[in-house]
S.K.: 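Following this message is one structure expressed as structure tokens.
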Amino acid sequence: MNYQWNWGVFFETIPSGDVTYLTWIIHGLGWTVAISLCAWIIALSLGSIVGTLRTAQHRGLALIGHAWVEFFRNVPILLQLFLWFFVVPELLPHDLSMWVKQDMPAKEFITSVLALGLFTSARVAEQVRAGIQSLSRGQRNAGLALGFTQTQTYRYVLLPMAFRIIIPPLTSEFMNAFKNSGVAYAVGVWEMVFVSRQMVEETGGQVIESLIVPTVLYIICSYAANLLMGVIERRSHVPGFIVAK
Amino acid sequence: MFSNFDFSVIPPSLPYIWQGLVFSFRLTVTAMLGGIIIGTLLALARLSGGKALGFAAKTYVDLMRSVPLLMMILWFFLLAPFFMKITPETSALITFTLFQAAFYSEIMRAGIQSIPRGQINAGFAIGMSYWQTMGNVVLPQAFRNMVPVLLTQTFILFQDTSLVYAIGATDLLKAADNTGKLYGRTVEMYIFVSLIYFAICFSLSMFVKYMNKRIAIIR
């Protein structure tokens, strides 16, 4: 093995600008976090709605929820990103299509967030559904017997319980979204995977130095998110249910 | 809506796409079999009670689980040339097997732990060693209980094979990408492979559901 170590590389400036490689990686981390969080907001809100629909008494609504999940779950995230980035603009009306292709600001970022958010929403929906179905039938009936409407039963009885039960699987879905955000490199968002690939090329093959910092940052972020969710899980745990220590 | 689309590029590119699909399958099956074997060993190492062995296995599993697969693919592909000559395809096969082992090991660990402690003691009581008890009593049941979960992981693995795009290995997605660029018709090719992925993944998830029901009845 004839590897030339050069740990000083982080403080050299990148060829295309006036920042150091270290600053560049930190910017990459910023994009990674931004994509994951924005996508998570979409995933959590849409996923909750779709997951709830799947348990609805109304056949049609349940079918819509089911179709949504199957549609977004069965195509790989990287390909879904390509579909949003390259294919969807072709399907839009002409003027809108031209605007998206030429003038849309932060196109790469927005498409990545949308693709990752919708992909994750299908998985969140499955967890929400599982959470609602894990509650005993009596809870729904009790809500209805009190004179609540269907919507009120979900709002005040079923969902508050379901969400507290599914915090652990939701945590791992967030982790997945965070790790999946790396695919955004493929449409040119300067997040951590993109930065590390560029750095390997531009430093002429400082592979270990280029990859180690993003890798460690990924590990630290995962660990931090895990700790945070652990706290939330303990704070919101339902008395009488088993909670992880 | 599809007026300016030209789907006639699909038939001539089918043989190449087929090659890509075969590689995707090969990668999935290799990583699944290798991953389950190594993963089971990792799970046994963690449950064996040996401190150093257990710690090493736990560290490996936690590390793999907290780093994106995409980063792992890059690590291996970019570092390997310092030691040996390697094609993107071989690199992908090795990375996926090692990476998936961590995920399968967590599944197997859950499977092993779902077997009542009494069975292990019973194995010891009739004079079997740790490895004999595991091999003859615990693992066969653990595997059977975990079949649906192992298949779900394989479903995720199959979708993740598309990430080898990053190192230029020719899987289904990359094959479609290449032919699309050759004919200047990437949009059509992306739609076409989406349908292929959808068909395969949908059937696989139906199969998982079917297995889930079967297993549930046996218990």
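First the proteins, then the strands, lettered A, B, ... as listed; each starts at 1.
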S.K.: Taking every heavy-atom pair that is under 4.5 Å apart, which of A:Val87, A:Asn180, A:Val200, A:Ile77 has the most such pairs with chain B?
M.R.: A:Val87
S.K.: May I ask you to check if A:Lys107 and A:Phe85 form a cation-pi contact, with NZ or CZ under 6.0 angstrom from the six-membered ring centre and within 45° of the axis?
M.R.: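 So A:Lys107 does make the cation-pi contact.
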S.K.: Any carboxylate oxygen within less than 4.0 angstrom of a Lys/Arg side-chain nitrogen, looking at A:Glu90 and A:Lys101?
M.R.: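 Salt bridge flag = yes for A:Lys101 with A:Glu90.
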S.K.: Taking side chain as everything from C-beta outward and backbone as N, CA, C, O, which of these in B:Leu74 sits under 4.5 Å from a heavy atom of chain A? Side chain, backbone, both or neither.
M.R.: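 The answer is both parts of B:Leu74.
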S.K.: Would you please classify the geometry between the A:Trp190 ring and the A:Phe194 ring as parallel, tilted or perpendicular, with 30° and 60° separating the classes?
M.R.: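 Ring orientation of A:Phe194 relative to A:Trp190: parallel.
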S.K.: Checking heavy atoms, do the side chain of B:Thr186, its backbone, both or neither come under 4.5 Å from chain A?
M.R.: neither
S.K.: What about B:Phe7 and B:Phe192, are their ring centers closer than 6.0 Å?
M.R.: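 When the ring centroids of B:Phe7 and B:Phe192 are compared, they turn out to be at least 6.0 Å apart.
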S.K.: Starting at NZ of B:Lys174, measure out to CD1 of B:Ile167 and round the result to the nearest 0.5 Å.
M.R.: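 These two atoms lie 10.5 Å from each other.
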S.K.: Report which part of A:Ser181 has an atom under 4.5 Å of a heavy atom belonging to chain B: side chain, backbone, both, or neither.
M.R.: neither
S.K.: Side chain from CB out, backbone as N, CA, C, O: work out which of these in B:Ala199 comes under 4.5 Å of a heavy atom of chain A, or both, or neither.
M.R.: neither
S.K.: Would you check, one step at a time, whether the test side-chain contact (heavy atoms from CB on, under 4.5 Å) holds for A:Val231 with A:Leu227?
M.R.: CA-CA 6 Å; A:Val231 172; A:Leu227 283 184; 5.8 Å; no
S.K.: Does the pair A:Val124 and A:Gln127 meet the rule for a side-chain contact (heavy atoms from CB on, under 4.5 Å), with working shown?
M.R.: CA-CA 5 Å; A:Val124 170; A:Gln127 303 298 351; 5.6 Å; no
S.K.: Side chain from CB out, backbone as N, CA, C, O: work out which of these in A:Val183 comes under 4.5 Å of a heavy atom of chain B, or both, or neither.
M.R.: both
S.K.: A:Ile212 versus chain B, heavy atoms under 4.5 Å apart: side chain, backbone, both or neither?
M.R.: both
S.K.: Is the count of non-hydrogen atoms from other residues, nucleotides or ligands lying under 6.0 Å from A:Gln102 atom CD greater than 12?
M.R.: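 More than 12 heavy atoms, drawn from other residues, nucleotides or ligands, come within 6.0 Å of this atom.
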S.K.: Is it the backbone or the side chain of B:Leu70 that comes under 4.5 Å from a heavy atom of chain A, or both, or neither?
M.R.: side chain
S.K.: Please classify the contact between A:Leu83 and chain B as side chain, backbone, both or neither, with a heavy-atom cut-off of under 4.5 Å.
M.R.: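 Side chain only.
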S.K.: Need one label for B:Leu63: side chain, backbone, both or neither, based on atoms under 4.5 Å from any heavy atom in chain A.
M.R.: side chain
S.K.: For the ring pair A:Phe119 and A:Phe72, is the centre-to-centre distance below 6.0 Å?
M.R.: no
S.K.: Which bit of B:Tyr165 comes within less than 4.5 Å of chain A, counting heavy atoms only: side chain, backbone, both or neither?
M.R.: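 Contact with chain A: backbone and side chain both.
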S.K.: Need one label for A:Tyr185: side chain, backbone, both or neither, based on atoms under 4.5 Å from any heavy atom in chain B.
M.R.: side chain
S.K.: Quick one: what part of B:Ile200 sits under 4.5 Å from any heavy atom of chain A, side chain, backbone, both or neither?
M.R.: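 Neither the backbone nor the side chain of B:Ile200 comes within 4.5 Å of chain A.
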